[in-house]
Amino acid sequence: MKNLLIVESPGKVKTIQKYLGNDYTVKASIGHIRDLGQKGMGVDIQHGFKPEYEVPADKKKIVAELKKLAAEADMVWLASDEDREGEAISWHLFDTLGLTEDKSKRIVFHEITKDAILNAIKTPRTIDMNLVDAQQARRVLDRLVGFELSPILWRKIQPKLSAGRVQSVALRLIVDREREIMAFKKEPFYRIEATFNPEGTKSSVKVKAVLDNKFDTLQQAEKFLQDSIGARFTIKDIQQKDGVRVPAAPFTTSTLQQEASRKLHLTVSTTMRLAQALYERGLITYMRTDSTNLSSLARSTAKAFICDNFGPEYSRPRQYTTHSKGAQEAHEAIRPTYIQNTSIEGTAQEKKLYDLIWKRTVASQMSDAKILKTDIAVESDRRPELFRIQASQILFDGFLKLYLEGTDDETLDEGSDVILPGLNLGQAMNCKEMRGECKFTQPPFRYSEASLVKKLEELGIGRPSTYSPTITTLTTGRGYVVKGDKPGEKETVVNLKLTGDTITRSTKTEVIGSEKGKLLPQEIGMMVTDYLMKNFDGIINYDFTANVEKDFDLVAAGNRAWNAVIADFYTPFHKKVEDVLSDRTFSRPERELGKDPETGLPVIAKFGQWGPFVQIGEGENRRFAHLAAGQLIENVTLEDALKLFELPRTVGTLDGHDIVATKGKFGPYIKYNGKNFSLPKGCNPLTVTEQECQDIIKSSSDPAKDQLARFESSDITVINGRYGPYIKQNGVNYKIPRGTKAESLTEEKCLEIIKSAGKAKK
DNA sequence: CAGTGAGCGAGCTTCCGCTTGACTT
């Protein structure tokens, strides 16, 4: 064998092999092949922070294979990604495989095209040891921070907790936001909206306008409406302005996660799983990237596609530059591999995600949209305030033909086109109706998974490959955060309406500030953040990563030794760690919520061995209840706390046995005759009726309830499982191939599936 | 489930970033 070429991702191997032909064997390292040892610190702190590298167990096989192939090859081409981590991977390969400088070359390419790869082969270089050192500094710093801080938490708060440069700041963002919301005092205000019929138009023509002033009180709003009875309204000013809207840049990992969340309501991890599947099928480029760059081939095919399908006036080739902090741009933006593929085969979700990527990519190469913005002021002869009419009209749709980026601001409706009738200066406007509506000032929004990723990217914290795993660490990993809903607060408001000469009042109950699917900090997350803020504010600072990145840049430029950077950080940091560990005091949050109205006993929220709980009374007969997900000691109300004691609740009986409704680890369930039955989604254990419980118990006792089909002779059952239908035979489960409808399965068809699946498994 | 730091102590937990399966009903 002449040449061995090693890349990171197995997904690239086939394509590159095709471009290079038989003189090359293309293999993948499958990411990093070496890491700091798992046992202990893995860094020799005493001797210049020397890293103690090991090949992890799951990488032994690939390393052995690469070693063998490298020994047989005349030349080894190290083609890992062109970024800090990629450079380190090349160096670890060089070191581990026992390569020499005359028998190995370092090459890089940013896109998987024939030109890019052949060009890379023509322009090899040597491994950039400064860049490798910057990576070693990053790796060692993260290990030192994580493995010195985490044990402090085990000792001071709870075992198995963790802290780190990325996760602790991500957690702090969520905790800080929650505290901002707690501190926020919402204020009511009145917004005045009028519906006008312009003089000289049909009476059905309506134009909506909003007063440029808000009122603090009902009285002020009512006064305005009274003053408006019989008032004359005329157009005082008309301003028209041409504007443009520009398409958003092609997707990076972060923006893909945000848009898939906004438009397709996918979680960050689902988005990545689907994108991985598309990538593996060769349908899209690599999905973990911070670059908005498109290859020249992609740009030219997009141009041709747009000209052919929409016309040349819709085409505007653009190259986007990446602005995000710390971007390393080793890959292209996420785009369809072939722009010509306007749709794909696959699951409904895969199709939707592909469609999103396709539209975003093509729209990014289309013309600006031309907009005519109109701003009209309407004055009253009784009051100085002005009504404003704002409209925007699309003169040329450009990229909007395909795609409009979503927004995180839940109060904003998408820029709909408002068509105004012809209006002139001085024209009279007849007021058909005027409303005074009570609104409330809004606290900042809680983070969703995707908006947290957006914020992390803005701060330069974390990388495309870690956004999703970081969220998993905070939620299912450590229980610092739960994803859930906040019900909002009920408010009774008085609204006003003026029609003709009469003002009517209406009273309405509204729910203010409810949020769904947001990241809610748990008590343990608050405690960890408070503790780290108090003792390690430098590390949990939002700028910490940005600052150390500057040092890493100095290392990468060859201007500082990597271990000198680490020493500067470690000396004061470790002293603080020692100080904190010698302090044996513990503090736990505790708060009295009030008195139990039934017994008069105090109700106290505090943190125990098993997490936050509330207790009623003291001594022998006190009662305990866990706080629910998202409830915090510092702001749980007495009312909410008392509700926690309403479970378990005896609902009724069936055949002489009690039915008890309660909540457990897996959500609400009912206990009956020694057995447990989950309550269906949306069924509240506090309000579920005896009849409903009896039905649940009876239907759950039916062994065939999840069976879709049963073929006795071959012991085959088709079961409707949690992840969709599947086939079971002799205790072994088999997937149903994509595109096959479970209802259409016959015994023969099932046997066929089992037979082919059996082969695949071997 | 247990129960809301009396003591002792062995042995465990943990980081970030680069990758993909293997696994789950």
Side-chain angles (χ1 to χ4, degrees), chain A residues 7-12 28-36 38-43 56 58-59 62 80-81 83-90 92 135 138-170 272-273 276-277 279-280 286-288 328 330-331 461-470 473 477-478 539 545 548 584-586 588 590 604-615 618 622-626 664-665 706 717 719-728 732-735 761:
Chain A
V7 290
E8 289 181 39
S9 167
K12 294 176 184 171
S29 71
I30 322 176
H32 273 292
I33 52 138
R34 252 188 355 184
D35 191 16
L36 301 177
Q38 273 304 314
K39 293 245 153 64
M41 196 57 80
V43 177
D58 60 336
K59 290 295 166 67
I62 185 73
S80 49
D81 299 343
D83 57 18
R84 197 162 65 198
E85 297 296 326
E87 203 68 17
I89 288 174
S90 277
H92 280 300
Q135 192 274 347
R138 198 280 304 157
R139 181 67 192 93
V140 168
L141 177 94
D142 283 338
R143 172 56 69 86
L144 292 171
V145 168
F147 277 34
E148 294 216 358
L149 287 185
S150 299
I152 299 174
L153 299 180
W154 305 340
R155 199 145 134 190
K156 297 283 183 182
I157 299 176
Q158 209 171 70
K160 297 187 185 179
L161 297 179
S162 64
R165 174 178 58 81
V166 172
Q167 62 169 279
S168 296
V169 181
M272 293 312 284
R273 202 190 65 236
Q276 175 91 31
Y279 167 69
E280 284 171 7
Y286 198 58
M287 63 284 153
R288 287 184 279 265
Q328 309 203 12
H331 304 94
I461 298 170
R463 302 278 308 132
S465 65
T466 61
Y467 295 137
S468 174
T470 299
T473 300
R478 306 286 166 270
I539 287 166
T545 292
V548 292
R584 303 298 303 221
T585 57
F586 300 95
R588 290 275 158 100
E590 186 175 331
I604 302 161
K606 49 183 178 175
F607 197 92
Q609 203 176 346
W610 287 275
F613 64 98
V614 274
Q615 90 183 31
E618 312 266 6
R622 65 210 157 141
R623 295 161 62 209
F624 299 100
H626 272 297
K665 208 167 155 187
D706 290 328
T717 329
I719 299 170
N720 193 18
R722 192 147 66 102
Y723 305 102
Y726 64 100
I727 298 168
K728 188 180 191 120
V732 186
N733 300 334
Y734 301 89
K735 261 189 208 163
K761 268 183 187 164

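Below, chains carry the letters A, B, ... as their sequence lines are ordered, and counting in each starts from 1. Values below: every heavy atom of this structure, side chains too, minus hydrogens, waters and symmetry copies.
- Remark: A:Glu590 pairs with A:Ile604, A:Lys606 by the side-chain contact (heavy atoms from CB on, under 4.5 Å) rule, at least two apart or across chains.
- Listed by chain and number, the residues in a salt bridge (charged side-chain N to carboxylate O under 4.0 Å, His left out) with A:Glu87 are A:Arg106, A:Arg125 (sequence neighbours excluded).
- Base contact: A:Arg143 has a heavy atom under 4.0 Å from a base atom.
- Remark: A:Ala330 engages A:Asp81, A:Asp83 in a side-chain contact (heavy atoms from CB on, under 4.5 Å) (not counting sequence neighbours).
- Distance check on atom C1': B:dG9 versus B:dG5 gives 15 Å, rounded to whole Å.
- Looking at heavy-atom distances under 4.0 Å, A:Val166 makes contact with sugar-phosphate atoms alone, never a base.
- Closest contact between the side chain of A:Arg622 and the listed nucleotides B:dT19, B:dT4, B:dC16 involves B:dT4.
- A:Arg588 contributes a side-chain N or O that, together with a main-chain N or O of A:Ile157, makes up a donor-acceptor pair within less than 3.5 Å.
- Side-chain contact check for A:Leu144 versus A:Met41: some heavy-atom pair is nearer than 4.5 Å.
- Taking 90° from 0 as the syn/anti boundary, the base of B:dG21 is oriented anti.
- Within 4.0 Å of A:Arg138, counting heavy atoms only, lies at least one base atom of the nucleic acid.
- Remark: DNA chain B takes part in no stem of 3 or more antiparallel Watson-Crick or G-U pairs, criterion distances under 3.5 Å.
- In this structure, A:Ile30 atom CD1 and B:dG21 atom P are separated by 7 Å, rounded to whole Å.
- Here A:Ser9 lies in heavy-atom contact (under 4.0 Å) with sugar-phosphate atoms only.
- The side chain of A:Phe624 approaches B:dT4 more closely than any other nucleotide in the set B:dT19, B:dC15, B:dT4.
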Sort me out a list of protein N/O and nucleotides 5-7 of chain B N/O pairs below 3.5 Å, or just none if empty.
{"residue": "B:dG5", "atom": "O6", "partner": "A:Arg588", "partner atom": "NH2", "Å": "2.6"}

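- Every residue was checked against the salt bridge (charged side-chain N to carboxylate O under 4.0 Å, His left out) condition with A:Glu148, not counting sequence neighbours, and none meets it.
- A close approach under 4.0 Å does not occur between any side-chain nitrogen or oxygen of A:Thr466 and OP1 or OP2 of B:dC16.
- Using a 4.0 Å heavy-atom cutoff across all strands shown, A:His626 reaches at least one base atom of the nucleic acid.
- Formation of a donor-acceptor pair under 3.5 Å by the A:Lys59 side chain with backbone atoms of A:Ile30 is found in this model.
- Looking at A:Ser80, its side chain never comes within 3.5 Å of a backbone N or O of A:Val7 through a donor-acceptor pair.
- Between A:Arg139 atom CZ and B:dC18 atom P the separation is 12 Å, expressed in whole Å.
- Atom CD1 of A:Ile152 and atom P of B:dC15 are 14 Å apart (whole Å).
- For B:dG17, neither phosphate oxygen OP1 nor OP2 lies less than 4.0 angstrom from any side-chain nitrogen or oxygen of A:Arg288.
- Backbone-only contact: A:Gly164 has heavy atoms under 4.0 Å from sugar-phosphate atoms and none from a base.
- Nucleotide B:dC1 holds its P atom 17 Å from the CD atom of A:Gln609, rounded to whole Å.
- Within 4.0 Å of A:Tyr467, counting heavy atoms only, lies no atom of the nucleic acid at all.
- The CG-C1' distance, from A:Asp83 to B:dG17, rounds to 10 Å in whole Å.
- Among the protein residues, A:Gly462 comes within range of the sugar-phosphate backbone only, with heavy atoms under 4.0 Å from sugar or phosphate atoms but none that close to a base.
- Counting to the nearest Å, the P atom of B:dC18 and the NZ atom of A:Lys59 are 13 Å from each other.
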Report task. Using the side-chain contact (heavy atoms from CB on, under 4.5 Å) rule, take A:Ser29 and A:Ile89 through it: C-alpha gap first, then chi angles, then the decisive distance, then the call. Result -> CA-CA 8 Å; A:Ser29 71; A:Ile89 288 174; 4.0 Å; yes
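- Look at CZ on A:Arg34: it is 18 Å from P on B:dC18, rounded to the nearest Å.
- For A:Tyr286, the side chain to side chain donor-acceptor pair (under 3.5 Å) partners at least two apart in sequence or on another chain are A:Arg288.
- Residue A:Asp81 is in sugar-phosphate contact alone, with no base atom involved, counting any heavy-atom pair closer than 4.0 Å across all strands shown.
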Might you list the N or O atoms of the protein lying below 3.5 Å from N or O atoms in nucleotides 12-14 of chain B, with each pair's distance?
{"residue": "B:dT13", "atom": "O2", "partner": "A:Lys160", "partner atom": "N", "Å": "2.8"}

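- Residues forming a ring-ring contact (aromatic ring centres under 6.0 Å, His included) with A:Phe147 (at least two apart in sequence, or on another chain): none.
- Between A:Arg463 and the phosphate of B:dC18, there is a side-chain N or O to OP1/OP2 separation shorter than 4.0 Å.
- Listed by chain and residue number, A:Glu350 satisfy the side-chain contact (heavy atoms from CB on, under 4.5 Å) test with A:Ala277 (two or more places apart in sequence, or in another chain).
- The distance between atom CD1 of A:Ile62 and atom P of B:dT20, rounded to the nearest whole Å, is 12 Å.
- Contacts of A:His92 classified as ring-ring contact (aromatic ring centres under 6.0 Å, His included), with partners at least two apart in sequence or in another chain: A:Tyr53.
- Nearer to the 5' terminus of DNA chain B, by closest-nucleotide assignment, is the contact made by A:Leu144 (compared with the other of A:Leu144 and A:Ser465).
- With sequence neighbours excluded, the residues that form a side chain to side chain donor-acceptor pair (under 3.5 Å) with A:Arg84 are A:Glu549.
- Nucleic acid contact for A:Gln615: none, since no nucleic acid atom lies under 4.0 Å from a heavy atom of the residue.
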